[in-house]
Undergrad: 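The structure under discussion is supplied below as structure tokens; questions concerning it will follow.
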Amino acid sequence: MKAIWNDTIIAESDETVVVENNHYFPAESIKKEHFKTSETHTTCPWKGQAHYYTLVVGGKQNPDAAWYYPEVSPLAKSIKGYVAFWKGVTVEK
């Protein structure tokens, strides 16, 4: 799978985990140069506290377009540290 934003592949992996129709990419599969830590956090009742990244590609920013769970509940252990996308990021084969 590939995550693409602003015509650039920002993550690529054959080892994604699908939860609630979102592909979660292993942390080592993201292209870190395009990810800037955000101060945004949200809480999912069954996964835990999500942390966010702002994407930066070609001088453009997409605030809070990627999220991950550094710590998860036992029900979500398969996505601990994995990164998922929204806000215009395309995920495709």
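Residue indices begin at 1 and follow the sequence shown.
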Undergrad: Working to the nearest 0.5 Å, report the span between NZ of K36 and OH of Y53.
TA: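 So the gap between those two atoms works out to 13.5 Å.
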Undergrad: In Å and rounded to the nearest 0.5 Å, what is the OH to OH distance from Y24 to Y82?
TA: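 Going from the OH atom of Y24 to the OH atom of Y82 covers 12.5 Å.
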Undergrad: Identify the two heavy atoms, one from I10 and one from I4, that lie closest to each other, and give their separation to 0.1 Å.
TA: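 It is CG1-N, 4.4 Å.
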Undergrad: Determine the interplanar angle of the W67 and W86 rings, folded into 0 to 90°, and report it as parallel if under 30°, tilted if 30 to 60°, perpendicular if over 60°.
TA: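 Rings of W67 and W86: perpendicular, over 60°.
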Undergrad: Return each pair, listed once, that meets side chain to side chain donor-acceptor pair (under 3.5 Å) where at least one residue sits in residues 14-23; pairs must be two or more places apart or across chains.
TA: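 Found T16-H23, E20-W46, E20-K47.
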Undergrad: Taking side-chain contact (heavy atoms from CB on, under 4.5 Å) as the criterion, tell me which of D7, I9, T8 meets it with V57.
TA: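 Among D7, I9, T8, the one meeting side-chain contact (heavy atoms from CB on, under 4.5 Å) with V57 is T8.
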Undergrad: Taking all non-hydrogen atoms of both residues, which atom of V56 and which atom of Q61 are closest, and how far apart?
TA: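 Of all heavy-atom pairs spanning V56 and Q61, the closest is CG2-CG, 4.0 Å.
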Undergrad: Kindly compute the distance separating CD (E92) from NZ (K2), expressed to the nearest 0.5 Å.
TA: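 Reported to 0.5 Å precision, the distance equals 7.0 Å.
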Undergrad: Are F35 and V91 in one and the same hydrophobic cluster, where Ile, Leu, Val, Met, Phe, Trp and Tyr link if side-chain heavy atoms are under 4.5 Å apart?
TA: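 Shared cluster, yes.
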Undergrad: Should the ring pair F25 and F85 be called parallel, tilted or perpendicular, given that the plane angle runs from 0 to 90° and is split at 30 and 60?
TA: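 Rings of F25 and F85: perpendicular, over 60°.
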Undergrad: What heavy-atom pair brings A27 and G81 nearest, and what distance separates the two atoms?
TA: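 Closest pair (atom of A27, atom of G81, distance): CB-O, 3.5 Å.
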Undergrad: Can you see which heavy atom on A66 is nearest to which on V83, and at what distance?
TA: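 Scanning both residues, the minimum pair turns out to be CB-CG1, 3.9 Å.
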Undergrad: NZ/K87 to CH2/W5 distance, rounded to the nearest 0.5 angstrom?
TA: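 The distance works out to 10.0 Å.
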Undergrad: Roughly how far, to the nearest 0.5 Å, is CG of D64 from CD of E39?
TA: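 Reported to 0.5 Å precision, the distance equals 10.0 Å.
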Undergrad: Determine the minimum heavy-atom distance between G48 and Y69, stating which atoms define it.
TA: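 Smallest heavy-atom distance, with atoms named: O-CE2, 3.4 Å.
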Undergrad: What residues, two or more places apart in sequence or in another chain, satisfy side chain to side chain contact (heavy atoms under 4.5 Å, CB included) together with K32?
TA: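 K32 satisfies side chain to side chain contact (heavy atoms under 4.5 Å, CB included) with I30 once adjacent residues are dropped.
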Undergrad: Do V19 and Y52 land in one hydrophobic cluster if side-chain heavy atoms of ILVMFWY residues count as linked below 4.5 Å?
TA: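 Linked, V19 and Y52 end up in one cluster.
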Undergrad: Once rounded to the nearest 0.5 Å, what's the spacing between atom CE of M1 and atom OG1 of T90?
TA: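 Between M1 CE and T90 OG1, I get 10.5 Å after rounding to 0.5 Å.
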